[in-house]
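Structure first, commentary second.
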Amino acid sequence: MKVIFALIVTLTVISALAGPVQAAGPRPMALVPQPWRVEIRPGEFALNNQTVILIDPDSADALNVGKQLAERTRRSTGLGLVVRTADGTSKVSNAIRLSMSQAKAALGNEGYSLAVSADGVAISAAGGAGLFYGTQTLLQLLPPQVFSPARVRPTVAWTVPAVAIEDRPRFRWRGLLLDVSRHFFNKSEIENYIDLMAQHKLNTLQLHLTDGVGWRIEIQRYPKLTEVGAWRKGIMFGLNPKDGTAWGSDGRYGGFYTQDDIREILAYAKDRYVTILPEIEMPGHSAAALTAYPEYSCTGGPISMDGSNGPEVEEYCVGNEETFRFLEGVLIEVMDLFPSKYLHIGGDEVDKAHWKKCPKCQARMKQEGLKNENELQSYFVRRIEKFLNAHHRTLIGWDEILEGGLAPNATVMSWRGIEGGIAAAHAGHDVVMTPTSHCYLDYYQAKRGEPKAIGGFLPLSQVYSYEPVPKALTADQASHILGAGGNLWTEFVPNYRHAQYMTYPRGCAMAEVTWTEPSRKGWGDFRARLDTHLLRLKAEGVHYRQPRRDDDAPGK
Ligand code: ACM
Ligand code: ZN
């Protein structure tokens with residue numbers, strides 16, 4: 001009996017592997033994030049070896065987007081879609097037409113329209129980002145296996161259901177933060193993170209490049225930042241060293257991006273219409289920098305970043321003029337590399353006790369007429385803001401920068417709740433919402449059976465339920481809410497596989513929170529679409545977390 005049973009199982013498995021071309025059949029469209037308008041039409045379009053991608057002449061964006069679509073489909077389908085310039089004279093069938101000349105202005109730079117008929121596909125957009133997003137939707141309309149990085153065998157019918165879509169984002173800031181300080185992720189891992197974001201129409205990646213336990217960006221003026229500050233003795237956080245992937249050849253733990261690495265990451269992101277927002281933490285969370293250059297601390301050091309010296313001075317000394325010279329030198333190099341309009345300077349969780357004891361900081365307060373250490377922090381942030389503004393950049397910081405008085409042009413990232421965001425919007429400042437209650441991807445995804453996390457509890461449904469515009473705001477004030485993002489702090493994320501696990505599918509929910517109009521959202525509908533969407537991530541080899549029915553059940 002057992003042998004026969006095994007034989008049947010084996011034959012079933014073999015026939016599944018070697019079976020004929022699978023019929024596509026009617027598929028639920030299951031788009032994530034849900035588009036603005038979708039009209040289902042009869043029929044379908046089938047990709048084949050004669051399908052061409054037609055682009056506008058002289059459009060670098062269309063060429064970029066067309067080439068990526070050709071490459072992506074080639075890898076999984078094996079079809080060699082050729083990218084060709086449209087001559088505009090005759091109607092072409094069996095084509096994917098990418099056009100920036102026939103776009104509807106109302107859809108904006110990131111919006112697009114997409115029409116699929118038996119004849120072909122037409123995507124139009126006013127901007128490269130919109131065109132790119134149109135192709136991302138097209139990929140989701142194909143069978144999920146199209147996301148496979150390798151040729152799909154047996155092949156499937158590469159068909160697209162006929163449909164007319166008009167789409168545009170709700171918010172212009174659709175973000176994720178990746179903390180590369182607590183644990184280091186290499187260049188190709190960052191590029192994969194960018195790919196996954198872009199697929200979900202997320203457009204802003206905040207790289208948390210510096211913190212107490214690691215400085216991750218080469219600064220040529222200050223080489224010790226990476227020679228010393230990028231490496232620590234161990235993995236820390238009580239983690240198993242075997243789970244870490246960032247061990248140097250000398251046995252130290254860490255790593256950093258050279259300026260060439262940064263340029264490559266930026267070029268990769270630009271091609272996918274992702275802005276990289278660099279975060280250089282100050283004045284707190286700075287033990288790695290101060291281990292390398294203790295002269296910019298209040299005590300003069302020594303300082304260590306691996307916790308061996310007991311309580312650390314983590315803050316730059318605000319009384320020391322040389323601190324500003326140092327930080328401006330760092331920021332000059334950061335601005336030379338990153339084209340982002342915004343520069344994030346951290347500003348959170350400063351232990352002001354050290355400033356209380358420091359004669360230089362106290363002298364600064366006296367000289368500037370500052371009543372307390374909150375005002376000293378405000379003095380510091382205003383000075384840095386002046387410097388950034390002089391270089392045509394906008395300062396963004398965590399909501400603690402409100403304490404002691406907000407710098408005049410600063411944008412606030414509201415994380416300790418929504419109150420900081422509300423206060424900043426009331427005062428006419430722009431805001432990005434990332435409250436711990438809905439956006440902290442380092443929190444547990446379920447109350448049971450999860451790998452160790454920092455604490456908290458943020459199931460998928462809670463992320464999905466997030467409404468970034470606080471009710472307390474008038475329509476005018478609400479226009480200051482640029483958008484929202486999820487934050488992946490990585491104390492307990494020792495490798496990239498685990499970063500994927502913590503980010504997805506909660507990142508899918510964040511994509512829909514920031515892209516989709518509330519009237520088009522619904523948890524039940526999203527959850528059903530997600531089942532198909534996860535097949536895409538599976539085909540792509542993403543180590544996502546499989547949601548369970550009882551993830552958000554209370555009291556486990
Ligand atoms: C933060 O989570 N400390 C911004
Ligand atoms: Zn000081």
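Each ligand, and each atom within it, is numbered from 1 in the order the structure gives. A quick note: this is a predicted structure, and the numbers were derived from the prediction, not measured.
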In ligand 1, the atoms that come under 4.0 Å of a heavy atom of Trp415 are 1 (C), 2 (O), 3 (N), 4 (C)
List the closest protein heavy-atom neighbour of atom 3 (N) of ligand 1: residue, atom name, distance to the nearest 0.1 Å.
Asp348 OD2, 2.6 Å
What protein N, O or S atoms come within a distance below 2.8 Å of the Zn ion (ligand 2), ordered by chain and number?
Cys298 SG, Cys317 SG, Cys358 SG, Cys361 SG
Just checking, is any N or O donor in the side chain of Glu373 or Gln362 under 3.5 Å from an acceptor N or O on the other one?
yes
Which atom pairs, donor and acceptor, lie under 3.5 Å between side-chain atoms of residues 218-226 and protein residues at least two apart or in another chain?
from   : atom 1 : to     : atom 2 : distance (Å)
Glu218 : OE1    : Gln259 : N      : 2.8
Arg221 : NH1    : Glu333 : OE2    : 3.0
Thr226 : OG1    : Pro223 : O      : 3.4

Subset of ligand 1 atoms that lie under 4.0 Å from at least one heavy atom of Tyr440:
1 (C), 2 (O), 4 (C)
So does Arg252 have more than 12 non-hydrogen atoms from other groups sitting under 6.0 Å from CZ?
yes
Answer yes or no: does atom CZ of Arg497 have more than 12 heavy-atom neighbours from other residues, nucleotides or ligands under 6.0 Å?
no
Modelled atom types, side-chain donor and acceptor of Asn186 and Ser188, under 3.5 Å
yes
Could you list which atoms of ligand 1 come closer than 4.0 Å to a heavy atom of Glu349?
3 (N)
Does either side chain, that of Asp167 or that of Tyr133, offer a donor lying less than 3.5 Å from an acceptor on the other one?
no
Quick check with a 6.0 Å cut-off and a 45 degree axis cone: is Arg182 positioned over the face of Phe237's six-membered ring?
no
Atom indices of ligand 1, in the order listed, that fall short of 4.0 Å to a heavy atom of Trp489:
1 (C), 2 (O), 4 (C)
Measure across Phe132 and Arg272 and return the closest heavy-atom pair with its distance rounded to 0.1 Å.
CE2-O, 3.7 Å
